[in-house]
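So the structure is just underneath, and the comments pick up after that.
Chain A is the first sequence line, chain B the second, and so forth, proteins listed ahead of strands; every chain is numbered from 1.
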Amino acid sequence: MPTPFRPMPAQVDLPALEREVTERWAERKVFERSLERTAAGPSWVFYEGPPTANGHPGTHHVEARVFKDLFPRFKTMKGFHVARRAGWDCHGLPVELAVEKELGFTGKSDIEAYGVAEFNAKCRESVQRHVDEFTRMTERMGYWVDFDQAYWTMDADYVESIWWSLKVIFDKGLLVQDHRVAPYCPRCGTGLSDHEVAQGYQTVTDPSVYVRFPVTSGPAAPLGASLLVWTTTPWTLISNTAVAVHPDVDYVAARLGDEVLVVAEPLLRAVLGEDAEVVATWKGRELEQSSYTRPFDVVDIEGAHFVGLADYVTVEDGTGLVHQAPAFGADDLAVARRYGLPVVNPVRPDGTFEEGLALVGGMFFKKADPVIVDDLQARGLLFRHQQYEHSYPHCWRCDTALLYYALPSWYIRTTAVKDRLLEENAATDWHPPTIRNGRYGDWLNNNIDWALSRDRYWGTPLPIWRCEDDHLTCVGSLAELSSLTGDDLTALDPHRPFIDAITFGCPQQGCASTATRVPQVIDCWYDAGAMPFGQWGAPHRNKAEFDVSYPAQYICEAIDQTRGWFYTLMAIGTLVFDKSSYETVLCLGHILDAEGRKMSKHLGNVLDPFELFERHGADAVRWYMLCSGSPWSARRVGHEVLEEVVRKVLLTYWNTASFLVLYANANNWTPGVTPAPPLDERPLLDRWAISELHATVQEVDAALEDFDSQRAGKRIAQLIDDLSNWYVRRSRRRFWEGDPAALSTLHECLEVLTRLMAPFVPFVTEAVHERLVSHVYADLPDSVHLRDWPQVDEALVDTALGEQVVLVRRLVELGRAARASAKIGTRQPLARALVGAAGFESLPDELRQEVADELNVQLLEPLSAAAGDAAGDSGGQDLVDVAWKGNFRVLGKQFGQRTPVVAAAIAAGSLTRRDDGSYDVDVEGSVETVPADAVLVTETPREGWAVARVGETVALDLTITPELRRLGVARDVVRLVQEARKSTGLEVTDRIELWWESTDDQTRQALLEHADWVAGEVLATQFAEGRPVAEVVPHTDEELGLTFRLREAGR
RNA sequence: GGGCCUAUAGCUCAGCUCGGUUAGAGCGCUUCCCUGAUAAGGAAGAGGCCGGUGGUUCAAGUCCACCUAGGCCCA
């Protein structure tokens, strides 16, 4: 006869099981069907942030993907249609650098020599390679996302969408060209990334000069003062445009000899010495707009040469007055922008001054320093000249000193929409909420224009064409480009170098010049932020699909994306549609290694996700990511924590299911077929289990609606523990007997629990669902992921019962502690236990019986009732001590400062109980009335009892009569036989024949007295004193003087 | 240099929103107990100046200020 359930071995290889489940999903197209199933439902829009397809996937990639999977699965089970489109971020410097490394290149000149077309082809290949690995990782971890429709930011459709959006921004006048100061190597002719700069610092000695700038207007002018300005780059003095001071710092005019110099007050003595005499003091802001005579008249700089204010100025070193050359310093450039000053750059890209300039014409910038110093000296402008040792960046390739250099660059004027960004941010549902006004809000408040362009090769080309007359044309599509050129370019690969070759007659009215594309590509972060429309190729294609899927209801990434994707998504959405691209965002903390360090290739501490999946299983990794610690805190991951998840959560869950299957099959119980009593006729414990189940459904649902996976996971783990370690433990006997009420209850709990857990751990739940549900209910879907999310039945949640069971378990714990302290094992029955606990009186008999069973006592009585009883025996009130304690939380509200005095009076017992339960307390002569809950009463039994008490009290009567001892012996024997059954390899349902003999009188008497009971417990069809006829291996126990032999019945 | 986050047992983390009695859990360790599913469960023990200093308060791990260390992002 077939068993109702497929057997579920207790031993399970989770990673192997996961691989089987993955195959089954693919065969049965479960993901596709889950989307079809919800096609008519309301849609819940999720955007997949495209990972950079560069490098190998690491465990930190797994983290975000787990959260990206959980909520869409949850919403899908709730009936929402959650389209999930994979995406790949294909462009950018990281890809270029990886390819450069592969090819052994050291700079842009190598790329140019190799050929841009060939180089970009290599980049494309590299992307494809890494995407394959990401896909494999994604599938293995059970992240359901549609790869067939994946968007690639390098696809022509995608690039065209970006162009369209840039044209919208351009037409609003927000895409403009300006200067950008960046570290630049004049020999290599290229800007360097921060990463490159960081590896090229060298300690060098530079001139340090203090120069006089005579003041010509403002408060210092009447004194005939000069600003004293300090710099370590004399060559930039040629381009001096302004002087910056800190608005809140005190500046002094000080007389030294026959001149007056202006310096910051805190630096006065360090710079001018003790002899300087202060003649005037101003706040920096009072000096604003004071004009001065610049040190060199070599280049024209109009409308400049006055004092500006800047918060970045420090009084750490120098003079507190900072020379400004906007072309050669990012801070300087910012100040210049604010004051509308021109950016004048007399240094050519090769690092030499323009030909024809006085003094320095044609000279390499560094070589100009001594010339300039000498000239200043000769003209009496040099106050002091020293050598200064400091760390300065050099080109990591050629050791040339870098130049901070203003390069022409394209900007998006995000500052123009800053207020809108702040409004959109305020309306965004951040998890955790602190990010909104904290890290992210702060970033928005300090918003600066987006430096969009990159002087590189592998990226979305900036679709701007410029003619010789400087007319700009921004092109929004290949079709538009075709109409401008007159050729059909709709099949053109819109990348460099092909796009660079496209020119057309300037469309500007009356202009006859030819327009060529500007050479830059764009920041790949723009690509990622453009995915809401880019993934559809919208609006050129699929405009309707885009319209209904904007904005996203949910996105999720780690904290480093505040300045990355979170920003670019919101900024582009606001710039193009005047609306942020997402409503809810979950922001995760980073995953660290076991030592708390960020995982990086550099440190070699990257945990390979595939290794974790194969060793512990993807479910274990998922559960850890979702439920251990706060998702928004940085967390450490290692093998130990994953092993714990497997043991405590996954295996406990699996084994509970395995237990059900074992006894359901043994008793031929089939859910829905074998009749079971209605819930309200089942034992109290069954109603408790169902109550906990529904309370869990309620809380998990609420937690997930709030994007709080940790809270949901905690509750689920609690239910698993409740079922395994209380419900099943307490109900074992009923399962052995095949009680349909118990089997139905556990089956229902596991069935609902499996659905609750499915979004978290999709593999093991699928395997359990298949065995517990799919195989027995033909009308239900063949996958848990095609089921509906559980509905809570609030009528079944019995809070009072829940609290009573908590008390029961608490009392059991206390009783066990009492036994331990008396050194009496639980197998030895005791006559009675006394319980002192609020709520014990109202505990139903069924629950009192649980306590008695667990503690193995024959009688359970309230302590108060027993006290009088025992008092008669022992002649006094000595059995119970009563102690009182004040409840500070209650007393504090009533008494404030007097709280400690009142509490002391209560502890001293100066109180009388009133009829309504409240107390009169005698506090230093005056009587105060306090409510019942202001006094905590504890009763403590005395001598002859084993006691455990923490809030509640359990006392055990330690008298062991000969009758009790014999019962204990019988139980010991049962245990020994069970052990022997197990070691013999018998199944739990096998019947046995048993023969025993004993040299110990007490043991013999006990076994004769309790023969029927022992035989029943160990499933013995025969239980006889003596020896079998045939040879059977004996088992002996010296303490009991017992020898017994057993064999399977009927053999 | 700026901003944000974090700091509680050997390790991993709760508790802090809204101050209240003896600061909890898991892992690990020691000793026991229980076991007719379990790689499980239970008891006891060892292990805490709750990062530091000051303040508010009858009362501070919790609120405030400053400091220190680490992390992240940006210069």
Between A/R991 (CZ) and B/rG36 (C1'), how many Å, whole number?
11 Å
Looking at A/R827, does any N or O in its side chain come under 4.0 Å of the phosphate oxygens OP1/OP2 on B/rC34?
yes
Rounding to an integer number of Å, can you tell me how far A/D331 CG sits from B/rC74 C1'?
13 Å
Using the P atoms only, state how far B/rA59 lies from B/rG19, rounded to an integer number of Å.
15 Å
For the C1' atoms, the ones on B/rC73 and on B/rC67, what distance do you get once it is rounded to whole angstrom?
23 Å
Report yes if the ring of A/W736 lies under 5.5 Å from the six-membered base ring of B/rG36 with planes under 30°, and no otherwise.
yes
How many Å lie between CZ on A/R734 and P on B/rA37, as a whole number?
16 Å
Which base, if any, makes a Watson-Crick or G-U wobble pair with B/rU53, both distances under 3.5 Å?
B/rA65
Picking from B/rC34, B/rG36, B/rC58, which would you name as closest to the side chain of A/R729?
B/rC34
Pairing partner of B/rG47 (Watson-Crick or G-U wobble, both distances under 3.5 Å):
none
Using a 4.0 Å heavy-atom cut-off across all strands, classify A/R975 as base, sugar-phosphate, or nothing.
base
Determine the contact category for A/R971: base if any of its heavy atoms lies under 4.0 Å from a base atom, sugar-phosphate if only primed atoms, P, OP1 or OP2 are that close, otherwise nothing.
sugar-phosphate
Between the base of B/rA39 and the side chain of A/T652, is there a donor and acceptor pair under 3.5 angstrom?
no
Counting only side-chain N and O atoms of A/K714, is one of them less than 4.0 Å from OP1 or OP2 of B/rG15?
no
C1' spacing across the pair B/rC11 / B/rA46, given as an integer number of angstrom:
16 Å
Base, sugar-phosphate alone, or nothing: which one does A/E979 contact when heavy atoms must sit under 4.0 Å apart?
nothing
Expressed as a whole number of Å, how far does the C1' atom of B/rU21 sit from that of B/rU56?
22 Å
Taking any heavy-atom pair under 4.0 Å as a contact, classify A/K982: base, sugar-phosphate, or nothing.
sugar-phosphate
Which value, in whole Å, describes the distance between the C1' atoms of nucleotides B/rC27 and B/rG47?
14 Å
Indicate whether OP1 or OP2 belonging to B/rU38 is found under 4.0 Å from a side-chain N or O atom of A/K648.
no
Run the salt-bridge test on A/E979 and A/K982 with the 4.0 Å N-O cut-off and return the result as yes or no.
no
If you take all heavy atoms of A/R819 and A/N856, which pair is closest and at what distance?
NH2-O, 3.1 Å
Quiz question: going by heavy-atom distance under 3.5 Å, is there a donor-acceptor pair between the base of B/rG26 and the side chain of A/E644?
no
Is the phosphate of B/rA44, meaning OP1 or OP2, less than 4.0 Å from a side-chain N or O of A/R816?
no
For A/L444 and B/rC4, give me the distance from atom CG to atom P, rounded to whole Å.
15 Å
Nearest listed nucleotide, side chain of A/T826, among B/rG36, B/rC34, B/rC58
B/rC34
With no hydrogens and no angle check, do the side chains of A/Y663 and A/T989 hold a donor and an acceptor under 3.5 Å apart?
no
Rounded to whole Å, how long is the line connecting atom CG of A/N667 with atom P of B/rG36?
17 Å
Please walk me through it: do A/R730 and A/E854 pass salt bridge (charged side-chain N to carboxylate O under 4.0 Å, His left out)?
CA-CA 8 Å; A/R730 284 306 319 144; A/E854 278 290 307; 2.7 Å; yes
With no hydrogens and no angle check, do the side chains of A/T415 and A/D449 hold a donor and an acceptor under 3.5 Å apart?
yes
Residues A/E692, A/R715: salt bridge by 4.0 Å N-O rule:
yes
Distance, rounded to the nearest Å, where A/L662 contributes CG and B/rA40 contributes C1':
16 Å
Considering every strand and a 4.0 Å limit on heavy-atom distances, what is the contact class for A/L660: base, sugar-phosphate, or nothing?
nothing
Do A/L976 and A/R981 come close enough that some side-chain heavy atom pair is under 4.5 Å?
no
Would you call the rings of A/W430 and A/F566 parallel, tilted or perpendicular, where under 30° means parallel and over 60° means perpendicular?
perpendicular
Applying a 4.0 Å non-hydrogen cut-off, can you work out what A/V12 is touching in the nucleic acid: base, sugar-phosphate, or nothing?
base
How would you label the contact of A/V728 with the nucleic acid (heavy atoms, under 4.0 Å): base, sugar-phosphate, or nothing?
base
Below 30° counts as parallel, above 60° as perpendicular, anything between as tilted: where do the rings of A/W450 and A/Y567 land?
tilted
A/Q897 CD to B/rC58 C1': how many Å, rounded?
6 Å
If we take the P atom in both B/rA44 and B/rG24, what is their distance in whole Å?
12 Å
Closest to the A/R732 side chain, choosing from B/rU35, B/rA39, B/rC58
B/rU35
Applying a 4.0 Å non-hydrogen cut-off, can you work out what A/G825 is touching in the nucleic acid: base, sugar-phosphate, or nothing?
sugar-phosphate
Against the side chain of A/N725, the closest entry in B/rG36, B/rG20, B/rA40 is B/rA40
Length of the CH2-P vector between A/W623 and B/rU12, whole Å
22 Å
Base, sugar-phosphate, or nothing: which does A/Y663 touch, judged by heavy atoms less than 4.0 Å apart?
base
Against the side chain of A/R889, the closest entry in B/rC58, B/rU35, B/rG20 is B/rG20
B/rA60 and B/rC49: how far apart are their C1' atoms, nearest whole angstrom?
15 Å
Answer for the Watson-Crick or wobble partner of B/rC72, both distances under 3.5 Å, is B/rG3
Both distances below 3.5 Å, Watson-Crick or wobble geometry, any strand: find the nucleotide opposite B/rU35.
none
Can you tell me the Watson-Crick or wobble partner of B/rG20, both distances under 3.5 angstrom?
B/rC58
By nearest nucleotide on RNA chain B, pick out whichever of A/V646 and A/T989 is the more 5' one.
A/T989
Nucleotide nearest A/L1019 when distance is taken to its side chain, options B/rC58, B/rG36, B/rA40:
B/rG36
Looking only at side-chain atoms of A/P900, point me to the closest of B/rA37, B/rC58, B/rG20.
B/rC58
